[in-house]
**Q** 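Mind looking over this structure? Questions follow.
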Amino acid sequence: MLGRDFVSMLDLNPQSLARLLDLSLGMKRDGVGPVLQGQTLALIFEKPSLRTRVSFEMAMRRLGGHAIYMSAHEVQMGDREPPRDVARVLSRMVQAIAARTFDHETVLELARYADVPVVNALSEDEHPCQALADLLTLRERFGSLAGVRLAYVGDGNNVARSLAYASVMAGMDFVCASPPGFGLPAETLERACALSGGGSVTQLYDAHEAVRDATAVYTDVWASMGHEAELESRKEHFAAFRLDAALLAAAPADALVMHDLPAHRGEEITDDVIESSRSVVFDQAENRMHAQQAVLAALLGGSLG
Ligand code: CP
Ligand code: NVA
């Protein structure tokens with residue numbers, strides 16, 4: 001049902017996405033058994049992390065297995081040795097690899113050469129584990145995802161792309177509002193629109209229009225990791241896309257506030273909005289662990305058949 005790897009949200013289909021979410025909810029509600037006893041996950045991080053590292057380490061621990069964390073300095077992938085060699089060496093010693101990389105091609109190369117499952121822990125192109133946790137958060141709140149309207153305000157980045165694909169497959173309407181030149185790539189829009197599942201993806205350039213009928217309003221940093229040098233120039237482009245009280249007032253009164261974190265308060269989101277009772281950002285963070293337990297159990301324990 002789930003292929004060998006989870007490097008992109010496109011590795012799922014509407015059925016496997018729904019089953020992963022069911023499994024995540026069940027594991028969160030009922031707890032997990034030691035289904036991955038004796039199994040080890042290698043974690044390779046080319047960029048910093050709080051949530052992703054801890055959620056993978058805790059997911060493995062709760063499932064009875066282990067994780068080995070390796071920083072960029074340690075592995076120096078592409079510098080000390082190519083990703084293909086890293087993949088083949090680790091495949092002889094561990095049962096799965098999760099990697100956070102700058103180039104998406106690096107995680108693809110790991111997957112091509114590894115004999116064990118590879119999970120994308122964030123790349124330039126996608127953050128599928130984040131999107132899975134976000135849909136889990138929405139499922140918990142609304143019971144069903146069909147018809148949920150997710151308004152994403154900001155950069156058409158890795159998080160936005162994975163959310164776009166996941167939304168279509170879950171029967172949701174994903175509306176992305178970005179400054180011109182910073183929206184979802186045309187290729188992402190084409191791919192998302194071709195997916196089954198009954199949802200839709202729309203790219204807008206007006207934040208107020210995007211949030212008007214939203215079930216939840218989501219934002220992410222204006223300059224992702226690796227793009228920090230662009231922040232000052234991006235601030236001008238993104239000023240009208242800040243999730244503040246005025247923008248939230250344009251959304252339905254019960255619309256949720258979402259952010260994958262870390263948040264840059266005062267830039268893409270204001271302190272009052274992220275701290276408001278409508279904010280579910282810490283549910284999203286916790287759900288990273290539950291969603292990844294399901295992914296790891298499915299990839300390594302065969303829980304999805
Ligand atoms: N949301 C997320 O991936 O957080 P980290 O960068 O801290 O892992
Ligand atoms: N888009 C952000 C997500 C961080 C979790 C980045 O890539 O830095």
Side-chain angles (χ1 to χ4, degrees), residues 6-9 24 41-60 67 69-72 97-107 119-138 150 152-166 174 176-179 182-185 188 216-231 234-235 237-238 241-243 257-265 267-269 274 279-293 295-296:
F6 187 42
V7 296
S8 163
M9 198 40 92
S24 308
L41 170 72
L43 288 169
I44 309 173
F45 279 70
E46 292 186 332
K47 303 175 185 177
S49 170
L50 171 67
R51 280 145 291 275
T52 306
R53 175 184 175 174
V54 177
S55 56
F56 269 115
E57 290 207 18
M58 287 307 299
M60 283 305 287
Y69 169 80
M70 287 164 288
S71 67
I97 300 168
R100 168 166 288 194
T101 64
F102 282 97
D103 294 335
H104 188 64
E105 177 52 33
T106 305
V107 77
V119 178
N120 183 348
L122 180 148
S123 67
E124 181 69 14
D125 288 8
E126 280 207 54
H127 199 0
C129 294
Q130 180 67 53
L132 196 60
D134 297 337
L135 264 60
L136 175 59
T137 306
L138 291 166
L150 181 59
Y152 176 98
V153 178
D155 193 19
N157 61 16
N158 42 15
V159 170
R161 289 176 214 181
S162 292
L163 281 172
Y165 298 141
F174 184 75
C176 185
S178 318
F182 296 94
L184 291 167
T188 302
V217 183
Y218 197 122
T219 192
D220 186 18
V221 292
W222 289 344
S224 285
M225 291 180 275
H227 295 271
E228 290 86 351
E230 299 166 32
L231 179 60
R234 283 178 172 238
K235 278 181 182 172
H237 294 288
F238 281 84
F241 294 83
R242 176 176 293 119
L243 180 50
V257 170
M258 303 182 78
H259 193 305
D260 48 290
L261 303 179
H264 295 180
R265 293 160 194 244
E267 289 180 19
E268 78 276 2
I269 194 164
I274 199 165
S279 169
V280 294
V281 299
F282 298 111
D283 290 341
Q284 293 174 259
E286 178 189 338
N287 283 338
R288 292 292 304 278
M289 182 177 73
H290 302 294
Q292 285 155 213
Q293 282 175 178
V295 168
L296 292 165

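Order of appearance sets the numbers: ligands from 1, and atoms from 1 within every ligand. Just so you know, these numbers use all the heavy atoms, side chains as well, and skip hydrogens, waters and symmetry mates.
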**Q** Can you tell which of V153, I269, V257 makes a side chain to side chain contact (heavy atoms under 4.5 Å, CB included) with V217?
**A**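 Single pass found, and it is V153.
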**Q** Looking only at distances, can you tell me whether any N or O atom of N157, backbone or side chain, sits closer than 3.5 Å to an N or O atom of ligand 2?
**A**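 By distance alone, the answer is yes.
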**Q** Should you measure from each heavy atom of L122, which atoms of ligand 2 turn up under 4.0 Å away?
**A**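 Reading through ligand 2 atom by atom, the close ones are 3 (C), 4 (C), 5 (C), 7 (O).
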**Q** Are D260 and R288 within salt-bridge range, i.e. N to O under 4.0 Å?
**A**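 Salt bridge between D260 and R288, a charged N being under 4.0 Å from a carboxylate O: no.
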**Q** Would you please test E126 and N158 for side chain to side chain donor-acceptor pair (under 3.5 Å) and show each step?
**A** CA-CA 4 Å; E126 280 207 54; N158 42 15; over 6 Å; no
**Q** Would you check whether N158 has a nitrogen or oxygen atom less than 3.5 angstrom from a nitrogen or oxygen atom of ligand 2?
**A**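 Such a contact does occur with ligand 2.
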**Q** Numbering the atoms of ligand 1 from 1, which are under 4.0 Å from a heavy atom of L50?
**A**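 Ligand 1 atoms under the 4.0 Å threshold to L50: 5 (P), 7 (O), 8 (O).
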**Q** Is L261 close to ligand 1, meaning an N/O of one under 3.5 Å from an N/O of the other?
**A**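 By distance alone, the answer is yes.
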**Q** Using heavy atoms and a threshold below 4.0 Å, how should the contact between D260 and ligand 2 be classified: side chain, backbone, both, or neither?
**A**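 For D260, only side-chain atoms sit under 4.0 Å from ligand 2.
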**Q** Decide yes or no for P185 and R161: does some side-chain heavy atom of the first lie under 4.5 Å from some side-chain heavy atom of the second?
**A**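 Yes, side chains in contact.
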**Q** Is M225 close to ligand 2, meaning an N/O of one under 3.5 Å from an N/O of the other?
**A**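 Checking ligand 2 against M225, an N or O pair does fall under 3.5 Å apart.
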**Q** Considering only heavy atoms, does L261 approach ligand 2 within less than 4.0 Å through its side chain, its backbone, both, or neither?
**A**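 Answer for L261: backbone.
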**Q** Where the side chain of N120 meets the backbone of S123, is there a donor-acceptor pair that is under 3.5 Å apart?
**A**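 At least one qualifying donor-acceptor pair exists.
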**Q** Hey, is R288 one of the residues with a heavy atom under 4.0 angstrom from ligand 1?
**A**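 Yes, R288 has a heavy atom closer than 4.0 Å to ligand 1.
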**Q** For ligand 1, is any non-hydrogen atom under 4.0 Å from L122's backbone (N, CA, C, O), its side chain (CB onward), both, or neither?
**A**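 Neither part.
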**Q** In this structure, is the centre-to-centre distance between the rings of Y218 and H259 below 6.0 Å?
**A**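 Between H259 and Y218, the centre distance exceeds or equals 6.0 Å.
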**Q** With heavy atoms of D260 as the reference, note each atom of ligand 1 found under 4.0 Å away.
**A**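 Within the 4.0 Å cut-off of D260, ligand 1 contributes 1 (N).
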**Q** How does Q130 reach ligand 1, by side chain, by backbone, by both or by neither, if only non-hydrogen atoms under 4.0 Å count?
**A**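 The answer is the side chain.
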**Q** Are a donor atom and an acceptor atom from the side chains of T137 and N287 found within less than 3.5 Å of each other?
**A**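 A pair is found: one side chain offers a donor N or O, the other an acceptor, under 3.5 Å apart.
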**Q** Just checking, any donor-acceptor pair under 3.5 angstrom between side chains of H227 and E124?
**A**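 There is such a pair (donor and acceptor under 3.5 Å, judged by atom type) between the side chains of H227 and E124.
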**Q** Polar contacts were defined as any N/O atom of the residue lying under 3.5 Å from an N/O atom of the ligand; does this apply to H127 and ligand 2?
**A**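 N/O-N/O distance under 3.5 Å: no.
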**Q** For atom 4 (O) of ligand 1, find the nearest protein heavy atom and state the residue, atom name and distance (0.1 Å precision).
**A**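 It is R51 NE, 2.8 Å.
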**Q** Please determine if R53 forms a cation-pi arrangement with Y69, meaning its NZ or CZ atom is less than 6.0 Å from the six-membered ring centre and no more than 45° off the ring axis.
**A**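 Yes, a cation-pi geometry.
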**Q** On a heavy-atom basis, I'd like to know which of M225, H127, H259, R100 is closest to atom 6 (O) of ligand 1.
**A**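 Closest candidate by heavy-atom distance is R100.
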**Q** Scan R100, K47, Q292 and name whichever one has a side-chain hydrogen bond (donor to acceptor under 3.5 Å, both in side chains) with T52.
**A**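 The side-chain hydrogen bond (donor to acceptor under 3.5 Å, both in side chains) with T52 is passed solely by R100 among R100, K47, Q292.
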